[in-house]
Amino acid sequence: VRVDMRYGNEGWTPMILARITDLSFLFPQAAGAQLTLKGEDLLSLLKAKPAADKVYTDKQEIEMVEEELRVSASNLSLASPRPTSPFPTPLRTLTHEKAKTYQQFIESLAERMDYELFVEFDDVSPTQGQNAAARTVSLHFEPARSGTLGDPITLRRGRDIIDFKPTFKVWDVLTQATAQGTVPGRRASYSVEVTMADAIAGDLHAAPDGGATPLTAIEARNRAFGSETRPEANAEPISAANLDEDRARLQAIAALRKSARQFLTADVTTIGFTGLRPGIHVNLSGLYAPFDGVYYVTTAVHTLSAEGKGFTTKCSLRRPGMLDPSAYPGG
């Protein structure tokens with residue numbers, strides 16, 4: 001049984017798309033019978049493993065994902081329009097070992113390319129009475145959505161925000177990465193160096209009301225430890241076995257982005273917002289620097305409480321930078 005939970009008062013905004021995997025019953029003495037449903041999103045359809053190793057030769061990653069979906073018996077297909085490959089040439093060879101599930105194999109491709117993997121109904125605005133079973137569910141394998149700023153939801157302190165808990169991770173942020181490998185089919189080796197400046201600019205967005213663009217994680221790191229004796233660079237080697245230089249470069253960029261996105265993370269609890277969901281941005285205001293501004297939403301938990309708290313939403317946020325406190329009064 002699939003659960004497709006939406007709110008019609010906001011254009012059929014999708015909230016939860018999942019399938020029920022467990023049921024538990026409770027028959028308390030002083031209350032009515034209760035049923036608890038537990039479920040997972042439809043990526044769980046890809047948790048099966050192939051019967052044997054699968055070797056891909058001269059294939060683009062997009063083609064591999066399509067083949068994985070075809071043989072997985074998940075009835076999932078790539079979302080339309082079909083994504084295009086960021087690489088000019090196919091990958092010489094890659095093996096899906098039978099010890100990995102279809103989901104793990106596709107996720108490994110996504111992590112190396114800084115892609116996101118999620119499932120969603122193709123129709124985000126179904127007509128009233130439309131049969132849910134007849135609608136198509138597609139898998140999205142696409143570049144990280146944090147790089148594209150849409151129309152963020154504004155959350156204001158004192159009006160929408162109940163709790164805000166930010167966390168900084170500064171010292172361990174990588175400043176550069178070097179991918180080393182051998183050209184597939186040849187003995188020639190290569191080394192590709194990528195700096196953080198090449199990696200994170202697309203993830204930092206100015207507030208739509210004309211706010212300043214945040215400092216990058218590297219700028220904030222340098223300011224925080226500028227008076228200390230420390231290495232200027234925090235570099236990490238990246239193993240790019242069996243990858244060409246284009247793929248090695250993107251893998252190094254993905255590693256830097258992953259590190260930078262841990263610089264500023266936050267949990268925010270708000271009054272209930274049906275439109276808050278992973279894959280969008282929010283614009284926080286009223287917190288002042290360095291916390292105001294645009295964040296990317298990675299998780300959203302909607303709670304309807306019977307204990308007097310009403311409808312609340314708790315989101316996990318991330319941003320690879322922060323606003324400059326010196327630009328604010330008293331900074």
Before you tell me yes or no, could you show the steps for Ile62 and Phe87 under side chain to side chain contact (heavy atoms under 4.5 Å, CB included), namely the whole-Å CA-CA distance, both residues' side-chain angles and the distance that decides it to 0.1 Å? CA-CA 10 Å; Ile62 305 300; Phe87 307 116; over 6 Å; no

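- Shown here for Phe168 and Pro290, the closest heavy-atom pair between the two residues is CZ-CG, 3.9 Å.
- Heavy-atom neighbours of Gln104 CD from other residues, nucleotides or ligands within 6.0 Å: above the threshold of 12.
- Asp244 and Arg247 are joined by a salt bridge, as a carboxylate oxygen and a charged side-chain nitrogen come within less than 4.0 angstrom of each other.
- Of all non-hydrogen atoms in Lys100 and Pro50, the two that sit nearest each other are O-CD, 3.3 Å.
- In this structure, Leu139 CG and Asn75 CG are separated by 13.0 Å, a value rounded to the nearest 0.5 Å.
- One distance of note links OG of Ser285 with CG of Asp160; it measures 7.5 Å at 0.5 Å rounding.
- Counting only heavy atoms from C-beta outward, the side chains of Met113 and Phe141 approach each other to under 4.5 Å.
- If you take OG1 on Thr270 and CD1 on Ile161, they are separated by 8.0 Å, rounding to the nearest 0.5 Å.
- Considering NZ of Lys165 and OG1 of Thr265, their distance stands at 9.5 Å, rounded to 0.5 Å.
- Contact record, Ser259 with Asp172: OG-O, 3.9 Å, taken as the closest heavy-atom pair.
- Classified by interplanar angle (parallel below 30°, tilted 30° to 60°, perpendicular above 60°), the ring pair Tyr56/Phe105 is parallel.
- At least one donor-acceptor pair under 3.5 Å links the side chain of Asn234 to the backbone N or O of Val173.
- Using modelled atom types, no side-chain atom of Glu61 and backbone atom of Ser85 make a donor-acceptor pair closer than 3.5 Å.
- The closest side-chain heavy-atom distance from Ser80 to Ser138 is not below 4.5 Å.
- Under the 4.5 Å side-chain criterion, counting only non-hydrogen atoms from C-beta, Arg261 is in contact with Ser146.
- In this structure, Asn242 places its CG atom where only 12 or fewer heavy-atom neighbours from other residues, nucleotides or ligands lie under 6.0 Å away.
- Taking a 6.0 Å sphere around CZ of Phe311, one finds it holds more than 12 heavy atoms contributed by other residues, nucleotides or ligands.
- Taking the ring axis of Phe118 as reference, the NZ or CZ atom of Arg145 stays within 45° of it and closer than 6.0 Å to the ring centre.
- Both tests do not hold together for Arg221 against Phe263: distance to the six-membered ring centre under 6.0 Å, angle to the ring axis within 45°.
- Here the side chains of Pro214 and Met322 are not in contact, with every heavy-atom distance at 4.5 Å or above.
- Looking only at side-chain heavy atoms (C-beta outward), Arg159 and Thr154 come within less than 4.5 Å of each other.
- Atom CG of Asp209 has more than 12 neighbouring heavy atoms from other residues, nucleotides or ligands inside a 6.0 Å radius.
- Side-chain heavy atoms closer than 4.5 Å link hydrophobic residues (I, L, V, M, F, W, Y) into clusters, and following such links, possibly through other members, connects Leu109 to Leu45.
- The side-chain heavy atoms of Arg112 and Gln251, taken from C-beta on, include a pair separated by under 4.5 Å.
- Here the closest non-hydrogen pair linking Ala33 and Pro28 is CA-CD, 4.4 Å.
- Of the possible polar contacts, none joining the Glu236 side chain to the Leu256 backbone as a donor-acceptor pair under 3.5 Å is found.
- For the residue pair Ala177 and Ile238, the shortest heavy atom distance occurs at CB-CG1, 4.0 Å.
- Ionic pairing of Glu68 and Lys54 is not present here: no N-O contact between side-chain nitrogen and carboxylate oxygen is shorter than 4.0 angstrom.
- Between the OG1 atom of Thr269 and the CG atom of Asp163 there is a distance of 5.0 Å, given to the nearest 0.5 Å.
- Figure legend: Arg318 and Tyr296 shown without cation-pi pairing, the cationic atom not lying both under 6.0 angstrom from the six-membered ring centre and within 45 degrees of its axis.
- The pair Arg257-Asp203 fails the salt-bridge criterion, with no side-chain N (NZ, NE, NH1 or NH2) lying under 4.0 Å from an Asp/Glu carboxylate O.
- At distances below 3.5 Å, not a single donor-acceptor pair connects side-chain atoms of His302 with backbone N or O atoms of Arg277.
- The shortest heavy-atom contact between Ala212 and Leu323 is O-CD2, 3.6 Å.
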From CA spacing to verdict: side chain to side chain contact (heavy atoms under 4.5 Å, CB included), Leu284, Leu317: CA-CA 11 Å; Leu284 305 188; Leu317 314 176; 4.0 Å; yes

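- Remark: Ile280 CD1 to Ile153 CD1 distance equals 4.0 Å, nearest 0.5 Å.
- In this structure, the side chains of Met64 and Leu91 come closer than 4.5 Å at one or more pairs of heavy atoms.
- Using modelled atom types, no side-chain atom of Asp324 and backbone atom of Leu215 make a donor-acceptor pair closer than 3.5 Å.
- By the criterion of side-chain heavy atoms lying less than 4.5 angstrom apart, applied directly or through intervening Ile, Leu, Val, Met, Phe, Trp or Tyr residues, Leu149 is not grouped with Leu276; the two fall into different hydrophobic clusters.
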